[in-house]
Amino acid sequence: MKSETALISPSTLTISSSIESAQLRNESASTESHVFNEMRPPTAAFATLGCKVNQYETQRILERFEERGFRITEFNRVADVYVINTCSVTQAAERKSRQLVRRLSNQNPDAVVVMTGCYAEMARIKSETVEEAALIVPNPDKLSTLNHFLQAYPQFEEWLKKAPAPPTHLQPRSRHGRTRATLKIQDGCNVYCSFCSIPYTRSQMRSRPLDELLNEARQLADQGFRELVITGVLVGSYGEATGSGGADLAELLAALTHVPGIERVRLSSIEPTQVTPSLLNAFAENPKLCSHLHIPLQSGDSQVLQAMNRPYDQDFYLNLCETAYRRIPDLAVTTDIIVGFPTEDRAAFEQTLQVVDTVGFARAHIFRYSPRPGTPASGFANPVSEAEKEARSQELSERCRLSQQRFIGRYIGAKLGVLVEGKEAAGGLLAGYTSNYIRVQLTGGSHLIGAVCPVHIIEPAADGAIGEVE
Ligand code: SF4
């Protein structure tokens, strides 16, 4: 599963590459008074570290606070409650999770800092304490964070009873201005890749019923969302055996494309062995399914894949991509790759470079391996040095950058549909994505936001392309 950044909505914050980027404003914490005041509703702010599943779950937690009467505030403002949905996918993610809890607690000593998510679970497993967290909600209970919170702090119940309802224009503030919404369809992973701690923190396999997902999709369409990004821990496991009520993934995706107002459905990530012929057929035949498959490679070397306990080899991956390209017009294949796995020597790393060149990834997320306590790989000998990991990461990034450029270059002069998402913070250009996940910047008025516009792709740009609305 991959971990990535997302747009920052007004009221939630996704922590990306560094805590520094969280832009916690010391000045706001120190200059705003934070006092118990029964004449205003209590305020809550939310932050997410890690993957799209976490982002989705934070949104659900936030909505429950909002429905209960809390006023949702920006994360970098003073709030009465901070909820941090943490990540444990790497050592760095755990460190950032701890740092964020501590920093918030120190900056806002009157606030209640609540920690949940994968690191909350991992901390319990490793018997680590994060004293600055006033309340830790176990990961499996995270969607009930509000209940845990109100049980631990009943005075907020009293406060909510006395406070006036928040202005209706603030509800649902968290979703305004967005054109893409994530839809989590399942939870849990039972693959047990040797490097990954997720099956230990999210072991229960559960698919959400089709009807429930269609209802949520209709609500999202009513709120103005045009694209659904289908997410989960192991989305390819979606099916009857784990609670879908009968539908498999291909059937679910097809059903979602029929929801009025939904123009696109994008799959966020799927394991190679779960890309079935029926799924490829669905993508080939349904223009509302985005021409984009994110298929984690992790390594291009078959022996490293075996040591990772990944259930495929290099040939399988290459054949899969070849078939997918043949079946799906204009397909973008994006991926995740780990460098510096303990059994990855130079020759194995070069196999990965070779696969990158052969597949022609449209985008790649590169992670430097770090051992996760309790996983089989953490006991492997001969780890690759940090300096070597850094060198391989840079070499691979450059190779992936060239691959992305080649992919985008194929579309210079072409006309593609772009779902316009909003204005860039710098420069004021509009920006959005094509079905095959090319980020396009273009000029035009705000009335285009939320529409799929026909756009001529004019020239490449950093991390995307420049286009012109037809
Ligand atoms: S165990 Fe493997 S498939 Fe499961 S979440 Fe981790 S990396 Fe993904």
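Indexing begins at 1, ligand by ligand and atom by atom, following the structure's order.
- Residue pairs meeting the ring-ring contact (aromatic ring centres under 6.0 Å, His included) criterion with at least one partner in residues 200-222, sequence neighbours excluded, are Y192-Y200.
- Within ligand 1, the atoms closer than 4.0 Å to a non-hydrogen atom of E271 are 3 (S), numbered from 1 in the order shown.
- Aromatic ring centroids of F46 and Y82 lie 6.0 Å or more apart.
- The closest approach between a heavy atom of R202 and any atom of ligand 1 is not below 4.0 Å.
- Each of R206, R202, R208 was compared with D187 under the salt bridge (charged side-chain N to carboxylate O under 4.0 Å, His left out) criterion, and only R202 meets it.
- Between the side chain of S302 and the backbone N or O of D313 there is no donor-acceptor pair closer than 3.5 Å.
- Which parts of ligand 1 touch Y192 is read off a 4.0 Å heavy-atom cut-off, strictly below it: atoms 1 (S).
- Looking at R98 and E132, no side-chain N of the basic residue comes within less than 4.0 Å of a carboxylate O on the acidic one, giving no salt bridge.
- Residue R310 approaches ligand 1 through these ligand atoms, each under 4.0 Å from one of its heavy atoms: 2 (Fe).
- Counting backbone and side-chain atoms alike, C196 contributes no N/O/S atom closer than 2.8 Å to atom 2 (Fe) of ligand 1.
- In summary, the atoms of ligand 1 found under 4.0 Å from a heavy atom of P199, numbered by their order in the structure, are 1 (S).
- Among P272, P296, C189, the residue whose heavy atom lies closest to atom 4 (Fe) of ligand 1 is C189.
- Applying the salt bridge (charged side-chain N to carboxylate O under 4.0 Å, His left out) test to pairs two or more places apart or on separate chains, none has a residue in residues 192-201.
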